[in-house]
2 protein chains.
Amino acid sequence: MAARDLQERIKKLILDRRLASGAPLPTEPELMEHLGASRNSVREALKALQAMGIVEIRHGFGTYVGPMSLAPMIEGLAFRTVAGHYRGEDSLLQLLELREAVETGLASRLSGRIPDADLIELDALVDRMEEEAARGAGLAETDRAFHATLYRGLDNALLCEVLEAFWDAFHRVRTDLGGEPQDPKVTCRQHREILDAVRSGDSMRAEEAIREHFGNIRARLSTTAPQSPHTRHNERV
Amino acid sequence: MAARDLQERIKKLILDRRLASGAPLPTEPELMEHLGASRNSVREALKALQAMGIVEIRHGFGTYVGPMSLAPMIEGLAFRTVAGHYRGEDSLLQLLELREAVETGLASRLSGRIPDADLIELDALVDRMEEEAARGAGLAETDRAFHATLYRGLDNALLCEVLEAFWDAFHRVRTDLGGEPQDPKVTCRQHREILDAVRSGDSMRAEEAIREHFGNIRARLSTTAPQSPHTRHNERV
DNA sequence: CGGTATTTGTCCGTATGTATA
DNA sequence: CTATACATACGGACAAATACC
């Protein structure tokens with residue numbers, strides 16, 4: 001009777017007091033008194049809110065309003081995808097197609113709207129990507145930065161966060177499942193093409209470039225997709 | 001030391017046993033023994049997993065693998081948006097723009113890919129919308145069904161779920177904040193236009209129709225959105 | 001219909017680890 | 001190093017909800 005209600009009341013408390021991210025919450029004893037519940041119930045409610053990124057609990061220090069990032073969504077999406085994959089579904093492909101649909105759809109918005117500063121940064125990122133590819137290093141982080149920077153010009157922080165969340169979830173699942181990385185050379189060339197396309201302002205060309213990039217990942221995916229891992233998986237899941 | 005680990009081990013247990021949604025989990029005493037932790041710790045871990053939609057707890061019955069829906073994401077997005085709005089940010093507008101960017105971007109994919117059965121259903125939905133508008137009823141549910149049906153033809157269940165989640169979050173926030181509903185007549189006309197546009201296969205026209213639809217909502221939003229612009233809090237992204 | 005067993009919900013008390021002063 | 005405040009973890013107890021006989 002109180003369990004679900006406690007979370008709502010704590011959320012209401014945050015809203016009523018206009019607490020910003022990082023602001024301290026009342027201590028557990030204070031919350032016990034304010035909410036009229038035991039320590040255990042309060043703790044369970046806080047744990048649930050922590051899982052949703054609404055509060056942040058620091059051991060031996062206190063409880064604070066969380067960053068309200070989309071990290072919980074990443075967790076949920078990643079687990080859902082891994083679980084589906086293990087059960088023989090094409091969940092990983094669906095996640096990739098979700099990214100493809102959204103990012104290709106955004107291509108037309110991108111054309112000519114990217115600030116020069118971002119274009120320069122994107123150039124540097126592709127350069128770094130080629131340098132990493134040359135020395136055989138992983139270029140996952142650079143790829144992430146490229147996609148993040150690409151959509152920064154849309155001037156919507158929420159949209160960028162969602163896209164980054166999709167990227168994170170996909171990347172986590174693919175690495176946890178031990179998928180083979182695609183050919184770095186091809187990846188570099190395709191990112192260069194995306195960058196040139198959006199710079200030229202040709203929306204159709206940009207869309208095609210992004211579509212081809214995802215088509216490449218998809219091809220790598222289908223080679224390792226139908227597996228039933230009796231082996232163990234990473235503990236990161 | 002065990003808190004974060006317990007969640008991972010329970011998730012690992014679900015993956016190892018290939019448990020599908022709705023499958024029963026071990027009872028709390030069994031989990032206590034299997035994980036070597038006390039009941040409170042197990043319960044807190046389960047509460048966190050419940051908040052992420054990974055498990056489902058039914059009082060007096062048992063614990064089960066959750067539906068793994070995007071409901072937690074809706075909660076998180078909605079709360080994040082409400083909290084931001086109360087603190088004077090344009091979070092609600094950002095959420096709307098997120099929907100607009102994604103849905104307009106999907107318009108080109110839609111053209112000519114919608115099955116006839118879905119087109120018939122969409123016709124019926126707009127008819128119902130007009131009927132509801134005529135008698136002054138709320139047409140939120142019908143609007144939700146329209147958008148859900150529209151993107152069903154993309155053949156990606158995950159994408160549809162994400163779009164529905166965005167819709168739910170936006171609608172919940174707007175109603176919680178007591179925003180004024182837009183003119184039903186205009187809404188009906190714009191949905192009819194969207195439907196006709198995607199039926200014609202003209203992707204540019206479809207994109208424009210969707211953009212105008214969102215433009216209408218945005219206009220309604222801006223009348224009540226900006227409050228206390230001088231109360232700027234310092235916050236990290 | 002009632003009784004009983006099972007399972008989760010809530011609460012209390014206590015001890016331990018951690019960070020600040 | 002000591003003291004204080006806080007979160008973490010444990011074990012036990014009873015209440016509430018559900019299923020089954």
Side-chain angles (χ1 to χ4, degrees), chain A residues 1-14 17 19-69 71-72 75 235, chain B residues 1-14 17 19-69 71-72 75 236:
Chain A
M1 176 172 175
R4 200 69 184 177
D5 201 44
L6 276 186
Q7 297 180 28
E8 296 301 323
R9 287 167 66 187
I10 295 178
K11 286 200 277 187
K12 193 172 188 304
L13 184 144
I14 296 177
R17 302 191 181 180
L19 297 180
S21 291
L25 250 64
T27 66
E28 286 179 351
E30 286 172 333
L31 282 177
M32 287 169 57
E33 186 179 8
H34 180 67
L35 302 172
S38 76
R39 185 180 322 243
N40 219 321
S41 302
V42 171
R43 281 185 57 78
E44 287 180 6
L46 286 177
K47 274 284 178 184
L49 292 178
Q50 183 189 34
M52 290 189 281
I54 293 178
V55 308
E56 185 179 350
I57 308 176
R58 273 181 278 182
H59 193 142
F61 194 49
T63 312
Y64 298 83
V65 178
M68 301 196 196
S69 71
E75 288 290 324
E235 56 104 11
Chain B
M1 171 164 149
R4 199 68 184 176
D5 201 44
L6 276 186
Q7 297 181 27
E8 298 301 325
R9 287 167 67 188
I10 295 177
K11 288 200 274 187
K12 192 172 186 303
L13 185 145
I14 296 176
R17 303 190 181 179
L19 297 181
S21 291
L25 251 63
T27 65
E28 287 177 353
E30 286 172 333
L31 282 177
M32 287 169 57
E33 187 178 8
H34 180 69
L35 302 173
S38 76
R39 180 150 178 247
N40 274 332
S41 302
V42 170
R43 281 184 57 79
E44 286 180 8
L46 286 176
K47 274 285 178 184
L49 292 178
Q50 184 189 34
M52 291 189 279
I54 293 178
V55 307
E56 186 179 349
I57 308 175
R58 274 180 277 182
H59 191 165
F61 191 50
T63 311
Y64 299 83
V65 179
M68 301 196 196
S69 72
E75 287 292 322
R236 60 164 186 257

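Lettering follows sequence order; numbering is per chain, from 1.
- The backbone N or O of B:Gly66 sits less than 3.5 Å from a side-chain atom of B:Ser21, completing a donor-acceptor pair.
- Regarding A:Glu28, its CD atom lies at a distance of 14 Å from the P atom of C:dC12, rounded to whole Å.
- Between B:Thr63 and C:dT7, a side-chain N or O to OP1/OP2 separation shorter than 4.0 Å is absent.
- Ion pairing between a basic and an acidic side chain is recognised when a charged N comes within 4.0 Å of a carboxylate O; A:Glu44 and A:Arg39 show no such pairing.
- As rounded to whole Å, 12 Å separates atom P of C:dG9 from atom CZ of A:Arg4.
- If you take NE2 on B:His59 and CD1 on B:Ile57, they are separated by 11.0 Å, rounding to the nearest 0.5 Å.
- Taking OG1 of A:Thr63 as the reference point, atom CD1 of A:Ile10 lies at 9.0 Å (rounded to 0.5 Å).
- Nucleotides of DNA chain D nearest to A:Pro26 and B:Gly36 differ in position, and the one nearer the 5' end is that of A:Pro26.
- A:Val55 is listed as a side-chain neighbour of A:Ile14, based on a closest heavy-atom distance under 4.5 Å.
- Between D:dT8 and B:Ser41, no contact under 4.0 Å exists linking OP1 or OP2 to a side-chain N or O.
- The nearest whole Å value for the distance from the NZ atom in A:Lys47 to the P atom in C:dG9 is 17 Å.
- If you check every strand for non-hydrogen atoms under 4.0 Å, A:Arg58 touches sugar and phosphate atoms only.
- Atom CD of B:Glu56 is separated from atom C1' of C:dT7 by 15 Å (rounded to the nearest Å).
- The separation between B:Tyr64 atom OH and C:dT8 atom P is 8 Å, rounded to whole Å.
- Between D:dT8 and A:Arg43, a contact under 4.0 Å exists linking OP1 or OP2 to a side-chain N or O.
- Between the P atom of D:dA7 and the CG atom of A:Leu25 lies a distance of 10 Å, rounded to the nearest Å.
- Regarding A:Ile57, its CD1 atom lies at a distance of 14 Å from the C1' atom of D:dA9, rounded to whole Å.
- Between the CG atom of B:Leu46 and the P atom of C:dT7 there is a distance of 14 Å, given to the nearest Å.
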Detail all sub-3.5 Å separations between protein N/O atoms and N/O atoms belonging to nucleotides 11-17 of chain D.
residue, atom, partner, partner atom, Å
D:dG11, O6, B:Asn40, ND2, 2.7
D:dA13, N6, B:Arg39, NH1, 3.4
D:dA16, N3, B:His59, NE2, 3.4

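- Separation of atoms CG (B:Leu13) and CG (B:Leu25) is listed at 6.5 Å; rounding is to 0.5 Å.
- A donor-acceptor pair under 3.5 Å links the side-chain atoms of B:Glu30 to the main chain of B:Thr27, judged by distance alone.
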